[in-house]
Amino acid sequence: MVDRPIEEIVCCMGQPVAGNPTQFIMERAFNAAGLDWRYLTLEVPPENLSGALAGMRSMGFRGGNFTIPHKVAVIEHLDDLSEAARLMGAVNCVNHKDGQLIGENTDGKGFVQSLKEIVDPSGIKVAMFGAGGAARAVSVELGLSGASEIIVINRTESRGQELVDLLNNDVGIKSSLVIQDGEVEIDDDVDVVLNATSIGLGDADAQVPVVVETLSENMVVADVVFNPPQTWLLHQAAERGCTCLDGLGMLVNQAVIGFQIWTGVDPDPAVMREALEEYLEI
């Protein structure tokens with residue numbers, strides 16, 4: 001029998017995790033890059049998170065993704081955080097290096113990387129729907145990438161103001177809050193309109209509360225929702241001549257960044273995009 005190297009292992013921990021496409025994307029990318037790595041999708045309830053992290057250390061996992069409900073709770077079990085993860089107060093990617101578990105957040109980085117393929121984020125004005133986890137991650141990364149202003153549009157004043165205060169005080173980007181009560185008009189000088197809520201997830205007819213007539217062809221309109229990729233918002237924006245950015249690119253770029261963090265190798269984004277589209281049957 002010929003000795004073979006033990007496979008390197010990374011994972012996803014969350015609850016629920018059924019239907020998460022990351023394993024399918026990552027293992028296709030590992031194979032394309034010639035890496036003998038495995039990606040495990042693990043159902044971990046909150047009460048078992050501490051033990052799961054101890055197991056990750058003990059068994060030498062190279063890292064992992066953390067999804068709902070662990071993005072905040074995982075922090076207390078880590079040794080250090082990146083600047084972005086510290087500002088966001090949430091982690092979705094952990095790297096096991098030199099015996100240390102280092103927390104990162106690739107949510108916002110994935111979006112910004114997709115946006116850079118269309119427009120330089122430096123100096124842009126953004127109108128963003130939402131103040132939850134995705135909105136927090138994306139807006140922090142936009143601030144770190146040099147965006148000039150973010151208008152947070154949210155139904156709940158307390159949550160929206162918390163994000164605005166973070167952006168103004170800790171990230172150093174001009175930010176203000178618009179309380180969403182009915183449809184919201186978008187100012188003419190806005191460069192990017194972003195839906196950072198779950199509106200549209202699994203429902204192509206779900207409407208983001210925006211006055212579509214205020215969307216203009218000089219704007220980039222983006223959606224973090226990846227399934228379906230053609231959301232109501234993007235359909236309306238395309239009809240008005242806007243440049244559109246779907247959530248698939250954000251998800252693929254998140255996977256690309258995680259792959260690079262763990263392996264030190266640049267994967268083929270086209271392979272990952274193809275795998276995601278195959279998984280989603282689109």
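- Qualifying salt bridge (Lys or Arg N to Asp or Glu O under 4.0 Å) partners for Asp268, counting only residues two or more places apart in sequence or in other chains: none.
- With rounding to the nearest 0.5 Å, the separation of OG1 in Thr263 from CG in Leu35 is 6.0 Å.
- In this view, Arg155 and Gln180 satisfy the side-chain contact (heavy atoms from CB on, under 4.5 Å) rule, not counting sequence neighbours.
- Residue pairs meeting the side-chain hydrogen bond (donor to acceptor under 3.5 Å, both in side chains) criterion with at least one member in residues 240-259, sequence neighbours excluded: Asp107-Gln254, Ser114-Asn253.
- Screening residues 134-143 for side-chain hydrogen bond (donor to acceptor under 3.5 Å, both in side chains), with sequence neighbours left out, gives Lys109-Glu141.
- The heavy-atom pair separating Val252 from Arg273 by the smallest distance is CG2-CA, 3.8 Å.
- Among Val192, Leu144, Leu115, the one residue that satisfies the side-chain contact (heavy atoms from CB on, under 4.5 Å) test with Pro121 is Leu115.
- Counting heavy-atom neighbours within 6.0 Å of Glu277 CD, excluding the residue itself, gives a total above 12.
- Under the ring pair (Phe, Tyr, Trp, His ring centres under 6.0 Å) criterion, Trp37 pairs with Phe30, sequence neighbours left out.
- For Asn105 (side chain) and Ala84 (main-chain N/O), no donor-acceptor pair under 3.5 Å exists by modelled atom type.
- Contacts classified as side-chain hydrogen bond (donor to acceptor under 3.5 Å, both in side chains) and involving residues 59-70 (residues at least two apart or in different chains) are given here: Glu8-Arg62, Tyr39-Asn65.
- Contact record, Ile186 with Val210: CG1-CG2, 3.7 Å, taken as the closest heavy-atom pair.
- Asp187 contributes no side-chain N or O that, together with a main-chain N or O of Asp189, makes up a donor-acceptor pair within less than 3.5 Å.
- Within 6.0 Å of the CD atom in Glu43, the count of heavy atoms belonging to other residues, nucleotides or ligands exceeds 12.
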